[in-house]
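The next block holds one structure in the form of structure tokens; read it before the comments.
Values below: every heavy atom of this structure, side chains too, minus hydrogens, waters and symmetry copies. Nothing fancy with the numbering, it's 1 onward along the sequence.
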Amino acid sequence: MQRFYAHVNDQGKVYGVSMNPSMIVPLPAYDSSYMNTFYDAETGQFIGIRITLSADKTEITADGTDTATVTASFKNWDGTPAEYEKDLVAVVEGVRTVVKKANGVYEIKISGTEPGTKIVTVDTASDPHLMESNTISITLKGAGGNVL
């Protein structure tokens with residue numbers, strides 16, 4: 001049996017109906033950076049880590065030796081620096097791979113022998129504290145600089 005919930009404001013007026021129960025947490029002001037954060041009711045804290053991917057280069061030669069390095073950096077939902085210690089799951093062209101922190105950084109090496117584009121992102125579904133990750137595109141050029 002499905003359950004439905006009325007969302008009621010502080011004057012008792014119903015402003016929405018949904019299938020999800022919810023908790024209303026007062027905020028000091030409107031701030032869209034709260035979106036997709038995790039609220040810890042025990043501590044009263046909002047938790048969320050954004051992942052930013054960057055690459056040392058976005059074009060490489062498709063010769064199997066030229067390499068682009070994609071690095072993950074982290075910030076808390078409010079823009080302050082964040083430390084992250086768990087393994088990441090990188091997705092490169094649909095293939096998932098575990099990336100471990102080494103020497104204090106998360107790096108993904110990209111190379112190949114086929115011209116084209118490799119799309120790199122991080123799967124954030126495995127950790128509720130991870131909010132989002134941008135996407136990086138690495139272009140592999142063949143002989144003569146062509147991309148298929």
Side-chain angles (χ1 to χ4, degrees), residues 2-5 7 9 15-148:
Q2 287 184 340
R3 297 193 102 168
F4 295 92
Y5 301 87
H7 297 268
N9 69 16
Y15 65 90
V17 176
S18 74
M19 292 175 56
N20 296 318
S22 62
M23 175 189 322
I24 302 297
V25 178
L27 300 175
Y30 177 81
D31 186 344
S32 64
S33 61
Y34 285 100
M35 293 301 293
N36 296 316
T37 61
F38 173 82
Y39 180 72
D40 184 342
E42 287 183 25
T43 65
Q45 298 289 316
F46 291 91
I47 303 166
I49 298 174
R50 287 186 173 88
I51 303 169
T52 301
L53 298 177
S54 58
D56 62 344
K57 49 188 170 179
T58 57
E59 289 185 1
I60 60 174
T61 304
D63 61 6
T65 58
D66 196 7
T67 304
T69 302
V70 177
T71 304
S73 61
F74 306 87
K75 287 198 176 182
N76 287 309
W77 67 273
D78 61 359
T80 59
E83 286 294 322
Y84 192 76
E85 299 298 328
K86 297 178 184 178
D87 294 344
L88 290 177
V89 177
V91 182
V92 182
E93 288 303 294
V95 177
R96 298 165 54 88
T97 186
V98 174
V99 180
K100 296 187 177 295
K101 191 174 191 178
N103 299 320
V105 295
Y106 293 90
E107 291 183 337
I108 306 154
K109 302 285 187 185
I110 305 295
S111 65
T113 56
E114 296 291 322
T117 302
K118 294 198 182 231
I119 307 296
V120 182
T121 191
V122 174
D123 179 6
T124 59
S126 61
D127 185 342
H129 299 123
L130 295 177
M131 295 173 62
E132 58 202 31
S133 167
N134 63 316
T135 298
I136 292 284
S137 297
I138 307 295
T139 302
L140 285 75
K141 292 189 173 192
N146 61 340
V147 178
L148 297 179

>> For Leu130 and Lys86: C-alpha separation, side-chain torsions, deciding distance, then whether side chain to side chain contact (heavy atoms under 4.5 Å, CB included) applies.
In response: CA-CA 11 Å; Leu130 295 177; Lys86 297 178 184 178; over 6 Å; no
> Which atoms form the tightest heavy-atom contact between Arg50 and Ser33, and what is the distance?
Replying inline: NH2-O, 3.6 Å
>> So which atom in Ser111 and which in Leu140 form the shortest heavy-atom distance, rounded to 0.1 Å?
In response: C-CD2, 4.0 Å
>> If you compare all heavy atoms of Thr121 against all heavy atoms of Leu53, which two are closest, and at what distance to 0.1 Å?
In response: CA-CD1, 3.7 Å
>> Going by side-chain contact (heavy atoms from CB on, under 4.5 Å), name the residues that satisfy it together with Arg96, two or more places apart in sequence or in a different chain.
In response: Val89, Val91, Asp123
>> Tyr34: which residues meet the ring pair (Phe, Tyr, Trp, His ring centres under 6.0 Å) condition with it, sequence neighbours left out?
In response: Phe46, Trp77
> What distance do His129 atom NE2 and Thr124 atom OG1 have between them, rounded to the nearest 0.5 Å?
Replying inline: 13.0 Å
> Around Lys101, counting heavy atoms of other residues, nucleotides and ligands shown, do more than 12 lie under 6.0 Å from its NZ?
Replying inline: yes
> So how far is it from Glu132 CD to Ile51 CD1, rounded to the nearest 0.5 Å?
Replying inline: 9.0 Å
> Any sub-3.5 Å donor-acceptor pair from Asn76's side-chain atoms to Ile49's backbone N or O?
Replying inline: no
> So, Thr61 side chain and Asp63 main chain: donor-acceptor pair closer than 3.5 Å or not?
Replying inline: no
> What is the minimum heavy-atom distance between Leu88 and Ala72, and which atoms define it?
Replying inline: CD1-CB, 3.9 Å
>> Nearest 0.5 angstrom please: Ile138 CD1 to Lys118 NZ, how far?
In response: 10.5 Å
>> Nearest 0.5 angstrom please: Thr58 OG1 to Ile110 CD1, how far?
In response: 12.5 Å
> With distance as the sole test, does Asn36 use its side chain to make a donor-acceptor pair with the main-chain N or O of Met131 at under 3.5 Å?
Replying inline: no
>> How close do Ala55 and Ile136 get, counting heavy atoms only, and between which atoms?
In response: CB-CG2, 4.0 Å
>> Enumerate the ring pair (Phe, Tyr, Trp, His ring centres under 6.0 Å) contacts for residues 98-126, please, sequence neighbours excluded, ordered by first and then second residue.
In response: Phe74-Tyr106
>> With a 3.5 Å distance limit and no angle check, can you tell me whether Thr135 reaches the backbone of Ser133 through a side-chain donor-acceptor pair?
In response: no
> Which value, rounded to the nearest 0.5 Å, describes the distance between Thr37 atom OG1 and Gln45 atom CD?
Replying inline: 11.0 Å
>> Give me the atom names and distance for the closest heavy-atom approach of Ile119 to Glu93.
In response: N-OE2, 2.6 Å
>> Could you measure the distance from the OG1 atom of Thr97 to the CG atom of Asp87? Nearest 0.5 Å is fine.
In response: 10.0 Å
